[in-house]
Engineer: 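Pasting a structure here, questions to come.
Atom set for the values below is all heavy atoms of this structure, side chains included, hydrogens, waters and symmetry mates excluded. Residue numbering restarts at 1 for every chain, and letters A, B, ... go by the order of the sequence lines.
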Amino acid sequence: MNELKTDTEKAEEIKRWWKENGISVIVGSALAISAVLGWQKWQAYQVESAQNSSAAYAQHIKKEASSTSKEFSALKKATSSSPYAALAALDAAKQASEQGDNKTAITELKWAISQGGDKILVEVANIRLARIYIADKQYDLAKTTLNQGYSTAYASLIEELKGDLYRAQNKSKEAAEAYTKAIQLSKGQPPRYLQMKLDNIGEGA
Amino acid sequence: MLQSIHDNAKGWIAYLIVGLISIPFALFGINEYFSGGGNGAIAIIDGEEVTKREVQQEVSSQRQRMAAMFGGKLPQGLDAGLRQSALESLINRKVAAQHASHHGYRASNAEVLGIIHGVPQFQRDGQFSPEQYNLVMQSAGRTRKSYEEGLRNSVTENQFLDAVSDTALVSSLEASQLHQLDSQKRDIEVFEIKVADILKDIVITDEAIATYYKENPKRFQTEEQVSLAYVELSKDSLAKTLEASNDDLLGYYQDDTERFITKGKFKASHIRVSITETQDKAQAMAKAEAIYQSIQSGKKTFEQAMEAGEDDTVFAESGEVIGFIKQGVIAADFEKAVFAGKAGEVSAPVETTNGIEIIKVLALVAEKTQSFEDAKEEIRKSYLAEEADKQFDGMYDKLKNASFENDGSLDPAAKATGVAIQTSALFSRTTATGIFKNRELIEAAFSNKVLNAGINSALIELTPDHIIVVRLAEHKTPKPRSLDDVKDKVTELVKNKQAREQLKTKIDGLYKTVSEAGDFATLGDDASKVVKHDGLERSNNELSRQLVTAAFKLSAPEEGKKVFTQLTNANGDASIIALTAVKDNAEEPSEEAQNQWANYTGNRERVATMQALRENADVEIFIDRLSTEQ
């Protein structure tokens with residue numbers, strides 16, 4: 001900076017600079033402010049819509065009576081673009097399978113899987129899908145589903161389902177092996193019914 | 001103007017301004033340097049720290065929960081385990097919370113309010129009360145906002161896992177299969193031979209005994225024994241070493257005089273004339289006066305006057321029925337009247353809060369203050385116990401440090417605490433008595449450190465008020481015992497061994513013929529000893545667990561045939577089991593049973609999902625930081 005300039009000269013300089021850049025500064029500031037406000041509003045909207053979805057889902061679960069498919073689609077709509085929609089689909093699948101409606105259960109689970117996003121939720125849904133496939137006698141699809149990669153934590157559950165699959169196909173030896181693995185892989189005390197399934201395959205004779 | 005700022009800014013003002021500006025930088029900077037960087041973190045979960053303080057808070061809340069469960073007292077040495085489990089649950093919670101926030105879970109106001117409305121502490125007369133809620137928040141020193149946000153977070157972080165267990169499904173086919181399996185019944189036949197049946201016919205030679213004795217020298221040794229030198233310290237023993245001057249005791253007496261006062265008590269009958277709307281004080285007094293006069297003049301005794309209630313404003317109560325009343329319990333004016341009198345005397349009518357009373361004192365024991373001289377022994381005891389209590393912590397540290405720093409001898413520890421070293425009698429792991437019966441002490445006494453390295457044990461808390469440090473005084477290694485000494489034991493062992501061997505051969509042979517024939521008939525006369533159990537259930541607990549399990553492991557027989565297996569119990573008794581029929585439960589499972597299977601699966605999926613969340617999160621644990629003190 002030239003230190004010999006007088007105050008008037010400096011003021012002149014500032015005025016000139018403002019003439020050249022004033023509009024960009026104003027526009028830039030306005031943009032920045034609206035971006036910040038917009039972001040805040042977006043965040044608030046996100047929080048609110050998540051809360052609304054949560055409320056809709058919680059109310060639905062509390063009701064616990066078997067819901068109609070209409071109610072489910074309404075709930076899915078109400079919770080759309082939130083993680084609660086996939087949870088609603090999981091519940092729809094549960095209700096359908098309990099009423100023996102495997103087809104609907106499969107559709108709902110596939111929908112939850114197609115939402116992607118949460119890897120763990122997809123794994124849970126896939127495990128359930130395999131369960132329904134076995135009940136629906138679609139053994140090849142069950143096998144493919146069970147052979148996808150899963151987190152190690154699910155190893156015992158997967159082996160148990162493989163055991164169920166083999167048993168349904170009357171492959172006693174493979175079923176026994178799978179159940180034995182399921183028992184070994186389960187953390188802590190293995191569930192009583194797992195041993196029961198293994199014992200039922202029988203030994204000797 | 002700009003010029004003047006420019007000029008002035010060169011002097012001391014400039015330094016001042018720069019100094020002021022640098023203060024916040026310095027402060028925030030320091031904070032960052034000392035606490036940041038994960039120095040104190042016990043674990044880091046995707047960049048988020050679990051601090052030691054959080055772990056400690058969790059430990060103390062878990063400890064409270066457990067103490068409530070165990071009725072106040074917690075077993076010693078629980079802390080390490082508690083810290084570990086507290087850390088685990090903290091990590092799980094943070095992992096779940098991060099998953100929830102990453103995927104956009106957020107509990108609604110209605111859910112949070114629902115919980116708040118259900119908390120009994122926030123309710124009045126069974127209804128949620130906003131005032132009560134505010135009051136509790138204020139007294140706990142919390143704001144509603146932070147409490148509600150905390151609640152919202154804890155609901156949010158559980159939503160996904162709850163959903164996993166809530167929506168777990170079991171197909172109707174699977175449920176009925178499981179139900180059939182679980183409630184299946186089986187018909188079995190059991191033929192058993194007990195070791196005792198064989199044992200009674202077994203005869204053994206001296207030679208067999210001698211051989212067994214020679215071949216198993218370790219089974220016939222004396223037990224390993226130790227005698228310990230020890231320094232023992234308890235609050236009781238500490239109290240015995242302390243002395244109290246007369247002044248100390250007097251001070252104690254004066255500080256706590258209340259304690260040495262025995263309240264007076266009395267037994268009295270009374271006749272009360274009530275003051276009512278229709279009978280003012282003067283009228284009541286007149287009526288009481290008349291009753292009193294009739295007693296004084298000898299027309300009636302007090303007891304007769306009690307019975308002759310003239311109207312419903314006169315009420316009498318017998319002291320014999322009420323019994324002794326302690327001073328300070330009953331209305332003061334009544335009490336005053338009682339203590340003004342003597343036993344057996346009838347008082348003139350006095351006005352009390354309840355009305356006009358005529359009182360006959362039956363017995364009177366005046367308040368008594370125990371004199372210092374009388375109370376001295378009791379005071380000395382309490383005083384010394386309190387002094388010992390104060391000094392115990394210091395002695396604890398002295399014993400701990402002196403025995404640890406000089407672990408080659410107990411002398412420094414004895415010197416530091418002023419307690420003499422004592423020596424125990426010889427004892428083995430099983431013959432320890434008294435204070436040596438303590439499990440932790442026995443472990444220490446026979447540990448490598450004490451037994452072989454010959455150094456002091458760590459300080460052992462027999463109870464929180466009773467501590468000890470031990471070291472080896474004498475060690476008796478196991479020695480062989482002579483055959484004569486142990487002949488009975490050897491004989492029994494050899495007989496038992498032979499009986500088991502014979503039983504095994506016998507049952508194997510029988511199993512072969514029976515299973516080949518497919519029937520117990522080949523047993524001949526013994527066939528009558530076969531026992532039938534029809535409709536055996538999985539949950540049966542009358543037969544041995546092993547037997548039931550074995551029966552349910554057999555595959556179903558063809559119609560009219562039997563499937564065999566054999567079983568040897570831990571005690572040597574052996575049996576042949578025949579499965580004759582499997583009866584599946586044809587009933588469809590009830591809704592309740594179906595739910596039960598879904599719950600089983602839900603639980604299993606929930607536990608696995610929590611593990612999967614952790615597996616997929618970046619969790620780093622610095623376990624060594626957890627165990628260090630403070």
Engineer: To the nearest 0.5 Å, how far apart are NZ in Lys197(A) and CD in Glu174(B)?
Structural biologist: 5.0 Å
Engineer: Nearest 0.5 Å, what's the CG-CG distance between Asn200(A) and Leu181(B)?
Structural biologist: 4.0 Å
Engineer: Heavy-atom cut-off 4.5 Å, strictly under: side chain, backbone, both or neither for Gln46(A) against chain B?
Structural biologist: neither
Engineer: Report which part of Leu185(A) has an atom under 4.5 Å of a heavy atom belonging to chain B: side chain, backbone, both, or neither.
Structural biologist: neither
Engineer: Could you pull out the closest heavy-atom pair between Asp182(B) and Met196(A), with the gap in Å?
Structural biologist: OD1-SD, 3.4 Å
Engineer: Is Asn109(B) in contact with chain A via its backbone, its side chain, both, or neither, using a 4.5 Å heavy-atom distance?
Structural biologist: both
Engineer: Given Asn616(B) and Ser151(A), is the side-chain contact (heavy atoms from CB on, under 4.5 Å) satisfied, shown in steps?
Structural biologist: CA-CA 8 Å; Asn616(B) 288 281; Ser151(A) 299; 3.1 Å; yes
Engineer: Which atoms of Glu591(B) come close to chain A, meaning under 4.5 Å heavy atom to heavy atom: side chain ones, backbone ones, both, or neither?
Structural biologist: neither
Engineer: Report, as yes or no, whether the 6.0 Å neighbourhood of atom NE2 on His102(B) holds more than 12 heavy atoms from other residues, nucleotides or ligands.
Structural biologist: no
Engineer: For the CD atom on Gln148(A), are there more than 12 heavy atoms of other groups (residues, nucleotides or ligands in this structure) within a distance under 6.0 Å?
Structural biologist: yes
Engineer: With side chains defined as the heavy atoms from C-beta onward, is the minimum distance between Arg167(A) and Gln177(B) less than 4.5 Å?
Structural biologist: yes
Engineer: Examine whether an atom of Ala168(B) lies under 4.5 Å from a heavy atom of chain A, and if so say whether it belongs to the side chain, the backbone or both; otherwise answer neither.
Structural biologist: both
Engineer: Can you see which heavy atom on Leu178(B) is nearest to which on Tyr193(A), and at what distance?
Structural biologist: CD2-CD1, 4.2 Å
Engineer: What part of Glu160(A) gets closer than 4.5 Å to chain B, counting heavy atoms only: side chain, backbone, both or neither?
Structural biologist: side chain
Engineer: Specify the closest pair of heavy atoms between Ala55(A) and Glu111(B), including all atoms of both residues, with the distance to one decimal.
Structural biologist: N-OE1, 3.8 Å
Engineer: Given heavy-atom pairs under 4.5 angstrom as the criterion, report whether the side chain, backbone, both or neither of His99(B) touches chain A.
Structural biologist: side chain
Engineer: Taking side chain as everything from C-beta outward and backbone as N, CA, C, O, which of these in Asp164(A) sits under 4.5 Å from a heavy atom of chain B? Side chain, backbone, both or neither.
Structural biologist: side chain
Engineer: When rounded to the nearest 0.5 angstrom, what is the spacing between CE in Met610(B) and CD1 in Ile120(A)?
Structural biologist: 9.5 Å
Engineer: Checking Ser108(B) against Tyr57(A): is there a side-chain donor and acceptor pair closer than 3.5 Å?
Structural biologist: no
Engineer: Output the option from Thr156(B), Val607(B), Val582(B), Thr601(B) having the highest count of non-hydrogen pairs under 4.5 Å with chain A.
Structural biologist: Thr601(B)
Engineer: For Gln43(A), I'd like to know if atom CD has over 12 heavy atoms of other residues, nucleotides or ligands within 6.0 Å.
Structural biologist: yes
Engineer: Treating Glu98(A) as the side-chain partner and Leu169(B) as the backbone partner, does any N or O pair qualify as donor plus acceptor under 3.5 Å?
Structural biologist: no
Engineer: Roughly how far, to the nearest 0.5 Å, is CD1 of Ile132(A) from OG of Ser171(B)?
Structural biologist: 6.0 Å
Engineer: Verify the neighbour count for atom NZ of Lys561(B): are there more than 12 heavy atoms of other residues, nucleotides or ligands below 6.0 Å?
Structural biologist: no
Engineer: Kindly compute the distance separating OH (Tyr84(A)) from CZ (Arg106(B)), expressed to the nearest 0.5 Å.
Structural biologist: 9.5 Å
Engineer: Is the number of heavy atoms from other residues, nucleotides or ligands under 6.0 Å of Glu88(B) CD greater than 12?
Structural biologist: yes
Engineer: What are the two closest heavy atoms between Ala107(B) and Gln51(A), and how far apart are they?
Structural biologist: O-CG, 3.6 Å
Engineer: Tell me which of these, Arg152(B), Arg604(B), Gln611(B), has more heavy-atom pairs under 4.5 Å with chain A than the rest.
Structural biologist: Arg604(B)
Engineer: I'd like to know if Arg128(A) and Glu605(B) make a salt bridge, using a cut-off of under 4.0 Å between side-chain N and carboxylate O.
Structural biologist: yes
Engineer: What's the separation between atom CG in Asp118(A) and atom OH in Tyr105(B), rounded to the nearest 0.5 Å?
Structural biologist: 5.5 Å
